[in-house]
S.K.: 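The structure follows.
Naming convention: chains lettered A, B, ... in sequence-line order (proteins, then strands); numbering from 1 in each chain. Computed from a predicted structure; not experimentally measured.
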Amino acid sequence: MRPFEPLKPLEEAPRQQAANLPIMSVGEVTALVKGALKAAPRLRDVWVEGEVGQVSISAAGHCYFTLKDERAQIKCVIFRDDRLMMPFEARTGLRLVAQGSIDVFDAQGVYQLYVRTLQPSGFGDLALRFEALKAKLQAEGLFETSRKRKLPAYPQTIGVVTSLSGAVLHDVRRVLARRWPMARVIVSACQVQGAGAAPTIVAALRRVGRWTDGETGRATDVVILARGGGSLEDLWPFNDEAVVRAVAAHPCPIVVGVGHETDVTLAEFAADVRAATPSVAAELVVPARIDEQARLDGYAGRLRATTARALAERRAALNNEKRALEANHPQAQLAAERERVGVLLDRAARVVARRLEIDRTALNRTSELMPALLATEIGAARADLGRTSAALSALSPYATLERGYSIVRGPDGAVLRDAASVEGGDQISVRLQRGEIGARVESVRDSGR
Amino acid sequence: MNTPDQLATRQPDADRQRIAALPFDKALTEFRQVVEKLEAGNLPLEDSIALFEQGVLLQRRCEKMLSEAELRFQRLVEQAGGKVRALDLTVNGVDDAG
């Protein structure tokens, strides 16, 4: 152990320390870093794979861009002559492998990759990541069919998570306004492209999941997550693990429509319903007004038909009852009989009257021709006709009654023709020209025939 | 769903008001039930008529919503404290009035 050194006076200490420190200039440090980098053999010739970020071409024709992955980024330079020799150019979003050396750009104090060749990394790597994440989430059961919720048939409030700029929001709005205008649409905005998009999608989903109506306390009934078409890289945020998990965990049913028909993202696997495009997503979440109108018309037709039928049946039943009642009424029976008799009388009277008229006409004509000669004969004929008429009238039962006859009916109401058909004590009725007599049979005498 | 007895004793005005506030799906479901109940028959005449009148009200409610509705389009904004509010959204952007 070293012996403990005695303390120096305080005021001397800073000066002495500063004199001992190796203070360097900026250039010296930069040169040191540069030398260290150059001394590292692995940095002399590197192959770096990453996604191209910002790209700019200087007036001199050099290309400057960044190459990045999830954790870091490197500034890259392609000098004009190298650039013009290359088979393809660095474009933002492109994933590629750059080959070159690492060096320090003194003037800006940055290290850079001086690119000599560019290779496309191809879609192989993205596909591998896609499959790896898919397998992982599948193993967790995130894509299980049993997890899928049914969409509400008549949603009142629909959440839409997409970018505020672009055609998607417009398309979704147009479809919803046409098909189901009684809905309320709540848009939760997010970015749908670029490296920072995924966290904004997650945040937008959370926001719309948290929202409830101030008055009713109702949340959204269904949510649409949508994005228009683009390259595989453009759609990549929808393969982001956090986004996929947020879709799977969303509190209400969710429809995901990303890209075109052929594009498939993991967010769609996690959705309750996958839509081929954003417009299809909008169509799927609401019923069609025209279908509902047809359904309504159908019910309305049935309502009127069944009510009309019920009323008609009741009316018919009522009429039947009324008829049955009238038919059984004693007065009705009498009236019916009277009517029958009346018809007969009428017919008879008409026949007689016509007869008389014809004869009279004939007689009048004759009397004009030979008045004096046949006067007595005419008078006789007239009397004869009068008798015929009276005889016809006498056919009426009333006429019979008028003449003092009466009709006797037995206990069963049948007209009596034979004394043997009743017994002593039987109740009988006697119909006179006016009124009726109720009577009881005292005794019965046979005619003795 | 109401029994015919309840319908018969219900205040017509109260029922009218209740129906006028029904969301589309509820009104449509009630309408269908009314029709099915009528079609099943075996109802006293007064109940049939009460049901018919209720059916007409339900039909009108649905028709009105189908023909008069206008899509409400809003945007969520987060406020201080994390509260989320919906503001009306025009084609060009958020309305100032919200």
S.K.: Is L169(A) in contact with chain B via its backbone, its side chain, both, or neither, using a 4.5 Å heavy-atom distance?
M.R.: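 For L169(A), the contact with chain B is made by backbone and side chain together.
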S.K.: Mind ranking R309(A), E313(A), R207(A) by heavy-atom pairs under 4.5 Å with chain B and telling me who comes out on top?
M.R.: R207(A)
S.K.: For Q293(A), is it the side chain, the backbone, both or neither that has a heavy atom under 4.5 Å from a heavy atom of chain B?
M.R.: both
S.K.: With a 4.5 angstrom heavy-atom cut-off, could you sort out which part of A300(A) is near chain B: side chain, backbone, both or neither?
M.R.: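 Both parts, backbone and side chain.
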S.K.: Please determine if R206(A) and E78(B) form a salt bridge, counting it only when a charged side-chain N lies under 4.0 Å from a carboxylate O.
M.R.: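 No, this pair does not count.
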S.K.: List the residues meeting salt bridge (Lys or Arg N to Asp or Glu O under 4.0 Å) with D272(A), not counting sequence neighbours, and say none if there are none.
M.R.: R149(A)
S.K.: Would you please classify the geometry between the Y299(A) ring and the F31(B) ring as parallel, tilted or perpendicular, with 30° and 60° separating the classes?
M.R.: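 Perpendicular: the ring planes of F31(B) and Y299(A) meet at over 60°.
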S.K.: Once you round to the nearest 0.5 Å, how far does CZ of F24(B) lie from CE of M182(A)?
M.R.: 5.5 Å
S.K.: Just so I know, are the side chains of I186(A) and R75(B) near enough to count as touching, which here means a heavy-atom distance under 4.5 Å?
M.R.: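 No, side chains not in contact.
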S.K.: Select one option (side chain, backbone, both, neither) describing which atoms of R289(A) are under 4.5 Å from chain B's heavy atoms.
M.R.: both
S.K.: Quick one: closest heavy-atom pair of T306(A) and E39(B), and the distance?
M.R.: OG1-CA, 3.6 Å
S.K.: Does any backbone or side-chain atom of D213(A) lie under 4.5 Å from a heavy atom of chain B? Answer side chain, backbone, both or neither.
M.R.: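 For D213(A), no heavy atom lies under 4.5 Å from chain B.
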S.K.: Step by step, would you call T29(B) with Y154(A) a side-chain contact (heavy atoms from CB on, under 4.5 Å)?
M.R.: CA-CA 11 Å; T29(B) 304; Y154(A) 301 96; over 6 Å; no
S.K.: Should we say atom CZ of R60(B) is surrounded by more than 12 heavy atoms from elsewhere, each under 6.0 Å from it?
M.R.: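 No.
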S.K.: For E68(B), which atoms come within 4.5 Å of any heavy atom of chain A: side chain, backbone, both, or neither?
M.R.: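 Looking at E68(B), nothing touches chain A.
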S.K.: Please give me the minimum heavy-atom distance between P23(B) and Q156(A), naming the atom from each residue.
M.R.: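 Smallest interatomic distance, heavy atoms only, reads CB-NE2, 3.6 Å.
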S.K.: More than 12 heavy atoms of other residues, nucleotides or ligands under 6.0 Å from CG of N320(A): is that the case?
M.R.: yes
S.K.: Under the salt bridge (Lys or Arg N to Asp or Glu O under 4.0 Å) test, which residues partner E292(A), sequence neighbours left out?
M.R.: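 By the salt bridge (Lys or Arg N to Asp or Glu O under 4.0 Å) rule, E292(A) matches R295(A).
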S.K.: Taking every non-hydrogen pair under 4.5 Å, which of G298(A), A305(A), A177(A), G159(A) racks up the most with chain B?
M.R.: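 Most heavy-atom pairs within the cutoff with chain B belong to A177(A).
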S.K.: Begin from the C-alpha positions of Q59(B) and R304(A) and carry the test side-chain contact (heavy atoms from CB on, under 4.5 Å) through to its verdict.
M.R.: CA-CA 11 Å; Q59(B) 186 200 348; R304(A) 274 150 190 81; 3.2 Å; yes
S.K.: Give, as side chain, backbone, both or neither, the part of V160(A) having an atom under 4.5 angstrom from any heavy atom of chain B.
M.R.: neither
S.K.: Looking at every non-hydrogen atom in both residues, tell me the closest pair between A183(A) and L71(B) and how far apart they are.
M.R.: O-CD1, 3.5 Å
S.K.: Measuring only between side-chain heavy atoms, which start at C-beta, is L296(A) closer than 4.5 Å to E63(B)?
M.R.: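 Result yes, sub-4.5 Å side-chain heavy-atom pair found.
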S.K.: Between E70(B) and chain A, which part of the residue has a heavy atom less than 4.5 Å away: side chain, backbone, both or neither?
M.R.: backbone
S.K.: Should the heavy atoms of other residues, nucleotides or ligands under 6.0 Å from NZ of K148(A) be counted, would the total exceed 12?
M.R.: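 More than 12 heavy atoms, drawn from other residues, nucleotides or ligands, come within 6.0 Å of this atom.
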S.K.: Please walk me through it: do V187(A) and L76(B) pass side-chain contact (heavy atoms from CB on, under 4.5 Å)?
M.R.: CA-CA 6 Å; V187(A) 180; L76(B) 284 188; over 6 Å; no
S.K.: In Å, rounded to the nearest 0.5 Å, how long is the span from CD of E53(B) to OG1 of T307(A)?
M.R.: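 Those atoms lie 10.0 Å apart.
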